[in-house]
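Numbering of ligands and ligand atoms starts at 1, following listing order. Predicted, not measured: the structure shown is a model, and the values here were computed from it.
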Amino acid sequence: MKKQQLKETIEQIFANGKGILAMDESTPTCDKRFAAVGIPLTVEMRQKYRELIVTTPGLNESIGGAILSNETIREQTKEGVPMANVLMKAGIIPGIKVDMGAKPLAGFPNEKITEGLDGLRERLSEYKTMGARFAKWRAVITIGDNIPTTACIKANAYALARYAALCQEAGIVPIVEPEVLMTGNHSMQGCYDVTEQVLKTLFFHLYQYRIDLEGIILKPNMVIGGTESGVGNSIDEVAEATVNCLLASVPAAVPAIAFLSGGQSPQEASEHLNAINKNFKAHLPWIVAFSFARAIQQPCLDAWKGKDSNLEVAQKLLYNRAKLSAAARRGEYKPEMEG
Ligand code: 13P
């Protein structure tokens with residue numbers, strides 16, 4: 001029964017070539033993004049921005065699921081309609097970020113552990129009453145001098161497995177997100193090696209905690225050289241390394257992989273996702289889609305600037321970025337479609 005429920009949710013999210021919009025920024029992350037474009041850091045502006053997103057005409061053509069934060073799932077539009085209901089009415093399934101953030105891992109300088117397991121069963125059951133049918137938990141792995149450690153990778157895999165078990169018990173699809181950060185001077189091979197180790201450790205823990213792999217969505221990073229490495233890899237190289245790493249580490253029972261964008265520009269994220277699907281689709285056992293935040297939202301946020309007079313233009317940019325991401329999911333994106 002639960003198994004069927006999880007399966008249907010995943011099918012609906014990714015139906016007709018759609019993907020996921022991540023709009024679950026915590027208040028500190030939202031503040032950072034707002035400050036960068038001069039938007040006042042207030043609860044009112046966050047509400048307005050989220051209303052702009054959920055009321056974007058035609059968003060449902062490309063987006064099948066949207067991840068909300070604890071603040072947004074409790075927020076309403078100016079007409080008093082809960083944001084989650086606006087999404088559901090458009091046929092977009094609401095999801096909820098349930099982790100409580102990545103905190104310093106005691107005893108392990110520069111490494112993080114994601115917290116939020118305490119009380120999670122109760123929180124999931126409340127979110128379900130508000131319409132959430134899937135959830136997200138993000139673990140953060142940093143590449144640097146002598147890191148990541150095995151201890152950090154295992155601790156995060158354990159937390160992801162415990163979270164996934166609680167979600168599935170509640171009939172909520174867990175998005176399992178082990179993000180290997182792009183920051184650093186590591187090579188693409190360095191990213192490959194760490195991502196492989198992280199994914200293999202993760203799937204071992206998911207197995208130990210009896211997770212139904214057919215009822216999860218994996219949200220990984222792409223395999224890319226570090227932002228300070230000074231070496232650029234071609235689109236096709238990134239696509240091939242990413243596909244090889246996933247084929248080596250992710251069981252075929254997983255129905256869908258939805259990438260994070262991780263600080264890539266919107267165009268880069270689209271180009272990489274497109275190359276993965278265009279060049280390799282026939283060899284991949286999973287749906288390979290997107291769960292982007294910045295790579296869908298950034299042009300919209302830059303144009304909006306917190307002003308009502310920019311609302312329409314901003315919504316058009318959001319619609320457009322979601323469309324291009326969905327085209328990349330199908331392997332039909334072309335750089336000429338930009339602008
Ligand atoms: P980005 O696409 O901006 O990396 O965000 C995805 C996300 O949800 C991070 O948890």
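From Lys305, atom NZ reaches atom CG of Asn310 across 6.5 Å, with rounding to the nearest 0.5 Å. Between the CZ atom in Arg321 and the OG atom in Ser62 there is a gap of 11.5 Å [rounded to 0.5 Å]. Rounded to the nearest 0.5 angstrom, Lys154 NZ and Thr201 OG1 are separated by 7.5 Å.
None of Arg123, Met130, Glu122 except one satisfies the side chain to side chain contact (heavy atoms under 4.5 Å, CB included) rule with Glu126; the exception is Met130.
Between Ala293 and ligand 1, at least one N/O pair is under 3.5 Å apart. Considering backbone and side-chain N/O of Ser291, none are found under 3.5 Å from N/O of ligand 1. At least one N or O atom of Ser261, backbone or side chain, sits closer than 3.5 Å to an N or O atom of ligand 1. Polar contact check, Leu260 against ligand 1: no nitrogen or oxygen pair lies under 3.5 Å apart. At a 3.5 angstrom cut-off on N or O pairs, Glu177 counts as close to ligand 1.
There is no side-chain donor-acceptor pair under 3.5 Å between Glu25 and Tyr49. When only modelled atom types and interatomic distance are considered, Asp193 and Gln189 share a side-chain donor-acceptor pair under 3.5 Å. Looking at Arg50 and Thr72, their side chains do bring a donor and an acceptor atom within 3.5 Å of each other.
The protein atom (non-hydrogen) at minimum distance from atom 10 (O) of ligand 1 is Lys136 NZ, 2.4 Å. In terms of protein heavy atoms, atom 7 (C) of ligand 1 is closest to Lys219 NZ, 3.2 Å. Nearest protein heavy-atom contact of atom 4 (O) of ligand 1 is Gly262 N, 2.6 Å.
Looking only at distances, a side-chain donor or acceptor of Lys97 sits under 3.5 Å from a matching main-chain atom of Asp24.
Proximity of Arg294 to ligand 1, defined as any heavy-atom pair under 4.0 Å, is shared by backbone and side chain alike.
Atoms of ligand 1 found under 4.0 Å from any heavy atom of Phe292 (numbered from 1 in listed order, with element): 2 (O). For ligand 1 and Ala22, the ligand atoms under 4.0 Å from any heavy atom of the residue are 8 (O).
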